[in-house]
Amino acid sequence: MSGRVLEAGLHLLDRQLIDVDGRLAGKVDDLELELPPGGGPPVVTAILSGPGALSRRLGGRLGAWLEAAANRLRDGDEDRPARVSFAVVKRIESAVDLSVAKRELETNRLEAWTREHLIGHLPGAGDAPE
Amino acid sequence: MKRLFSIALGILTAIGGFVDIGDIVANAETGARFGMSLAWVVIVGVVGICLFAEMAGRVATVSGRAVFDLVRERLGARVALVNLVASFFITFLTLAAEIGGVALAIELATSVNYLLWVPIVAFLVWLVIWRVKFGLMENAFGLLGLALVVAAVALWRLGPDWGGLLHAATHPVVPQGEGHPTWWFFGIALLGAAMTPYEVFFFSSGAVEEGWSRADLITNRLNVYIGFPLGGLLSLALMAGATLFLEPRGIEPGHLSQVALPTLLVLGKLGLAVLLVGFFAATFGAALETGLSCGYSIAQYFGFQWGKFVRPADAPRFHLIVLLSILAGAGLVLTTIDPVTVTEYSIVLSAAALPLTYFPILVVANDPDYMGDKVNSRLTNALGSVYLLLLLVVAVATIPLMILTKAGS
Amino acid sequence: MRRSWVVAVVLLAGACTGPVRSSSVYESKAGQTAEVVASAVQTALLAVDAAEHDQAYGRYLTQVLVEAEEDAGSAQGVFDGIQPPDDRADELRSHLDDLLTEATGALTELRIAARRGRFAELPELARPLPEVGRRLGDFAEAHG
Amino acid sequence: MRLSDLLGADVVDEAGNSAGHVHDVRLVQDGPLVGAFGASLRVDGLIVGRRSIGARLGYERGQMRGPLPVKLVTGWLYHDGRYVAWDRVRAVEEDRILISGSADDLPQPGPSS
């Protein structure tokens, strides 16, 4: 056994996702595990992020409510949380760095909606900060 | 030279930014009722906030992760959510109190009812957060808040019996006619005011906003270790003023106007004017900090983009939370609930919630995964452990004491 | 924390639940009311002192006097709403009410003059206050 | 399957005895290659213990530096931690994981990194 050893809960779960431009892109709310076709132990294939993934972690009535809300917000085709494939993960440290821009991620939808329908309409929303 | 200037500016800002409506109310009320017998709590509170703000600033500088990132990271999604609900509620109450405080300060200068000022103040708070650069915003109100120094100047001009004040502060005795539970309850309120959690939310997020790097760790230390204690001295000046002028007359200040009496009786109109500017700047600056902190805490829990270092359109959910918090805060004050009452509740609840914020900071500041060689020193850990124990005791004692003393009556 | 609102809440609760259980509870409420009004009186006296020596702006002084009158008036109003439980309480009430009426009356005079900008008249109008304040303080002490 | 399906699940041996709940899942980066990340993270085993309060603080494993009181309390809480290598997992059910053999011979989890 030679690879790096991590504890999933301690070193990965609940950490910040950062996109290729340094923008904050959600949390590691859960991990997707898959059994490889050739047999053997499960492998982490994707990071699950957003309310649809967080709901399962919270559990109880609040979790169920959040899951229902997340499903309604989604386009409606399938009830699954937003996925970030491990193929775009660059580095795991105090945050998880991604090799793509936020707009290419499924996790970006709620933010885009808030921008288009609410905050983007206020004067000065697009002005550079400093 | 430029570096020296920026360090000096940071320290001055920290002094002026330390005091908020909670400190003003808690220190004046305590001085008027218990003299200097609870001054030691201010010292304990200032040492505590220095200790944990330095840690939070260091973690944010080294790892880029602000306080609520750590809360989520170390406590997990569920416990952190409970923490978020409690912390957000307290920060929101404080925001409402600060908005009310600004309106009261303007009322004193204009004699126009404070409720009419609330919508204007709320709009201005939002506008500054929306438009003004982070550094300019922080420095402008911090420096203007230095006007509160006038309360200390008044004290010095008066030339009180310093030895007597010091003796009263170093030999705390519960005044006659007051019960021990009430005395302790006021002590807890003072601690809550000095160590309000939003201060570290704001301080650590500010380190990220300003893009601090390891080279700024020295700035972090100096801001905290020099700025905060000097800010604490301003709190003590307000307490001493109340001790000298209000306590002997049996005045229990329930209005901001009464807090100003000692200063104007010594320094007259000019002193009053400067003090009112100080009240305005301190509460307005704190309204900005709490408004931002409402957004910081939620955004950091969920991992949204936050901060003023990106265009508002790039942090839409953060700005939406800030906007809604300010609106709701103004709404709460407009119900005509006394802002001073809101302040009192916010600081007492803060005291009860202190471990929620400070425990995760202490843990992560010991994790070499995050901190590399910048983990806590032994001394910091020893002090941190003592404080953790103290904060736990305070948290457990607060609510029973509140019921027992009928909130200090 | 601040006694005035806590007293208001406690007294209101008392007023809602009808007669106060015992005369000792009534007595302590009377004492607390005296204390709140004494505090308002002393505050007004400091403001008048500041006016006399031209130490503060008219707007600020007006504000202080308005608040002092409000604090005293609302404490008196709440106290008057409590049902005295027995004869002894009646006696206490009439004694305190005289003091409260005198205090609020003078505070009202001060507020009216300040609102009209007649700050020079304040010291004259405040003349009964030190005595009332002292007696309220004594009352609070005796029945605290 | 999600990580959250494993975390918190009750680990039960062939005799039906519980070995505790899953506190964490140890991953090793030596699975099949995925994009820029290189080798993917493979599940190596489960860290199991009786108490779950504060399992996330990181004191159970790793090299936390202090503070001493927190270290002592967590050390006392987690002295019964056990490690279940993945090849002993027979089935993952809802809230329950069945393992082969007996819960008594599970080793202690070593430090991760």
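Just so we're on the same page: letters track the sequence lines, and every chain starts at 1. When reading the values below, keep in mind they use all heavy atoms of this one structure, side chains included, and skip hydrogens, waters and symmetry mates.
- Distance check, rounded to the nearest 0.5 Å: CG of B/L261 to CD of C/Q42 gives 11.5 Å.
- Contact of B/A273 with chain C is made through backbone and side chain together, with heavy-atom distances under 4.5 Å.
- Chain B forms more heavy-atom pairs under 4.5 Å with one residue of C/T62, C/D54, C/L45 than with any other, namely C/D54.
- Comparing B/L267, B/L276, B/L272 by heavy-atom pairs within less than 4.5 Å of chain C, the highest count is held by B/L272.
- Minimum interatomic distance between B/G250 and C/S39 (heavy atoms only, all atoms of both residues): O-CB, 3.4 Å.
- Side-chain N/O atoms of C/T43 and B/Q258 include a donor and acceptor closer than 3.5 Å.
- Put simply, the side chain of C/Y60 gets close to the backbone of B/S257: a donor and an acceptor are under 3.5 Å apart.
- In B/W184, the CH2 atom is not crowded: 12 or fewer heavy atoms of neighbouring residues, nucleotides or ligands sit closer than 6.0 Å.
- At least one side-chain heavy atom of C/E67 sits under 4.5 Å from a side-chain heavy atom of B/E107.
- Annotation for C/E131: atom CD counts as buried by contact number, over 12 foreign heavy atoms lying within 6.0 Å.
- Sparse packing is recorded around CD of C/E141, with 12 or fewer heavy atoms of other residues, nucleotides or ligands lying under 6.0 Å away.
- Pairing each heavy atom of B/T110 with each of C/R59, the nearest pair is O-CD, 3.1 Å.
- Counting all heavy atoms, side chain and backbone alike, C/Q55 lies closest to B/L265 at NE2-O, 2.7 Å.
- What you find for B/L264 and C/A50 is that their closest heavy atoms are CD1-CB, 3.5 Å.
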